Amino acid sequence: MSSFIVFLLFVFIVVLIAFHVRIVPQSRAYVIERLGGYKETWNVGINFLVPFIDRVAKRVSLKEQVIDFKPQPVITKDNVTMQIDSVIYFQITDPKLYTYGVENPMNAIENLTATTLRNIIGDMELDATLTSRDTINTEMRAILDEATDPWGMKINRVELKNIIPPREIQDAMERQMKAERERREAILRAEGQKKSAVLVAEGEKESQILRAEAEKQSAILRAEGQKEVAIKEAQGKAEAILSVQKAEAEAIKLLKEADASKEVLMIKGMETFSKVADGKSTKIIIPSELQNLTTFSTLFGEFKEKDIVKK
């Protein structure tokens, strides 16, 4: 009988020890109380509880945690009510403060986030709120991190997930953006037309310049050609006149060498007049020196029908 009692006692002690051995895993911490008061914080490893005296008051995760709060109504400086939901990234740095610092820490952070967000947005207008997310995130993180220090928590990041203005504000913003896009489109189209017109004008200008230069070169070449033709014609006429003068001089020279009489010279003159009479002229002026020739009627019988005027 006594051996059975000893066996039961041994089993009881083993079970009691087994139930009071705790292995703390990685990224965890256990807050231990002894007789209702804080005793210590267990970290990674194996630990033993004193039966009926010690107890695990709280198991705390040391990992970074994320809380996604539901949208909160906030009012901007220009009296626009918006719905904003935020996301908080935090980490427990002191399990003791987290356990004893505040009742229901998650609810406390949510309320603190809502009030901080209302205070910050209340000092900003709608346009600034929509374009200053980074500023709002930074300011909220600084305020929340300072406020949660006594709770053994560190706020790593704060992000505004959605900013939802009223429906009529959204419609107005969409119309404004549409008008802005149309304005930009009109400006781009006008700039394109302007550049096109400038390019066309520059092309026409260059074309006119090239055409004028071509006409100028053509005129210069024509003038040079006409000049060369005129020079050649003048040279031809000069050579013809020179040949005629040489022939006449040679004829005079031959007449002088032949010792021609006055009558012969007059006959030569009449031959010249006869050549003149071969033209279109119908009147011939005869010098008075030729009137004494007895052969006048014979030499000019062929000109009886013409009107002869004596000088």
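The structure displayed is predicted, hence computed values, not measured ones.
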Notebook entry, point to check: Is a side-chain N or O of Arg157 found less than 3.5 angstrom from the main chain of Arg141, in a donor-acceptor match?
Noted result: no
Notebook entry, point to check: In terms of hydrophobic clustering (I, L, V, M, F, W, Y; side-chain heavy atoms under 4.5 Å; direct or indirect links), are Phe69 and Ile136 co-clustered?
Noted result: yes
Check: Closest heavy-atom contact between Val44 and Pro25?
Finding: CG2-O, 3.5 Å
Checklist line | Straight-line distance of Asp85 CG to Lys70 NZ, nearest 0.5 Å | finding: 12.0 Å
Next item on the list: Work out which heavy atom in Trp42 is nearest to a heavy atom in Phe48; give both atom names and the distance.
Entry: CZ2-O, 3.5 Å
Item checked: Nearest non-hydrogen partners of Pro150 and Ala147, listed with the distance -> CD-O, 3.3 Å
Check: Do any N or O atoms from the side chain of Ser132 and from the backbone of Thr129 form a donor-acceptor pair under 3.5 angstrom?
Finding: no
Checklist line | Main-chain N/O of Ile109 paired to Thr113 side chain as donor or acceptor, under 3.5 Å | finding: yes
Notebook entry, point to check: Any sub-3.5 Å donor-acceptor pair from Asp145's side-chain atoms to Ile155's backbone N or O?
Noted result: yes
Next item on the list: Using atom types as modelled and distance alone, determine if a side-chain donor or acceptor of Thr115 lies under 3.5 Å from a backbone N or O of Asn111.
Entry: yes
Margin query: Between Ser86 (side chain only) and Leu160 (backbone N and O only), is there a donor and an acceptor less than 3.5 Å apart?
Written below: no
Notebook entry, point to check: Hey, is the main chain of Ala214 close enough, under 3.5 Å, to the side chain of Ser218 for a donor-acceptor pair?
Noted result: no
